[in-house]
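This report concerns only the one structure given below.
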Amino acid sequence: MKYWLVKTEPTTYSIDDLKSDKTTCWDGVRNYQARNFMKDMQIGDQVFVYHSNAKEIGIVGLSKVSKLAYPDKTAFDKKDSHYDPKSKPEKPTWFMVDLKFAKKYKEIITLDKLREKKALSDMFILRKGNRLSVTPVAKKEFEAIEKII
DNA sequence: GCCAACGTTGGC
DNA sequence: GCCAACGTTGGC
């Protein structure tokens, strides 16, 4: 069992959208490192959902991996904003996973609260200049975050 | 809306 | 393969 965190802008796709959809394909990731992390995901891995570029920034909920990495079809669609001509259906560059809604926290775990925790000082998301939309979370980090709730 | 950080692109 | 220019991300 591994742990992860995905970022999303709530104006694009929020935890409430995931709650009502129940399951969604996490498409549109166009960064090699983030893609590689998605390829490492296993069914049942727990994935924090983080709202960025929002009024309230932080972890808002939890989801679980429900489908292993498979080709991101939006890369093949010329009309899609994530279209990438380099990615071919017979040799896809980009992948996505399915995420299943698990829970929405009563309160957002703000970025400030995450920074307050010593156990989280090495956390990927808190490292300066980190822009990856998919990042791993260590077991002890996951447990420390669950304790905040 | 600003701007630092950083990934990507393309000329050489 | 280097690196300047450019675009995007994301906190503030």
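Here the structure is a predicted model, which is why all the values come from computation and not from measurement. Worth knowing before you read on, the calculation uses all heavy atoms, side chains too, and leaves out hydrogens, waters and symmetry mates. In what follows, chains carry the letters A, B, and so on, assigned in the order in which the sequence lines appear, proteins first and then strands, with residues in each chain numbered from 1.
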- Query: Within the pair A:Y50 and C:dT9, is there a side-chain N or O less than 4.0 Å away from OP1 or OP2?
  - Reply: no

- Take the angle between the ring planes of A:Y13 and A:W26 and call it parallel below 30°, perpendicular above 60°, tilted in between. perpendicular

- Identify which nucleotide among C:dG11, B:dT8, C:dT8 has an atom closest to any side-chain atom of A:Y32, counting heavy atoms from C-beta outward. B:dT8

- Query: Rounded to the nearest Å, what distance is computed from the CG atom of residue A:L126 to the C1' atom of nucleotide C:dC12?
  - Reply: 16 Å

- Message: From CZ of A:R115 over to P of C:dG10, roughly how many Å is that when rounded to an integer?
- Response: 13 Å

- Query: Roughly, in whole Å, what's the span from NZ in A:K86 to C1' in B:dG10?
  - Reply: 12 Å

- Can you check the A:R131 CZ to B:dT8 P distance for me, whole Å? 9 Å

- Rounding to a whole Å, what distance do you find between A:N130:CG and C:dG11:C1'? 12 Å

- Task: Measure the distance from CG on A:L132 to P on B:dC6 and round it to the nearest whole Å.
- Result: 10 Å

- Item | A:D72 bridged to A:R30 by N-O distance under 4.0 Å | yes

- Query: Going by the side chain to side chain donor-acceptor pair (under 3.5 Å) test, which pairs reach into residues 105-122 of chain A, not counting sequence neighbours?
  - Reply: A:Y105-A:E146

- Query: Which comes earlier along DNA chain B counting from the 5' end, the contact point of A:N53 or that of A:Q33, where each point is its nearest nucleotide?
  - Reply: A:N53

- Query: Between A:K139 and A:E143, is the closest basic N to carboxylate O distance under 4.0 Å?
  - Reply: yes

- Task: Nearest whole angstrom, please: distance from the P of C:dG7 to the CG of A:N31.
- Result: 19 Å

- A:K55 NZ to C:dG10 C1', in whole Å, measures 17 Å

- Item | Phosphate OP1/OP2 of C:dG10 contacted by A:K7 side-chain N/O (<4.0 Å) | yes

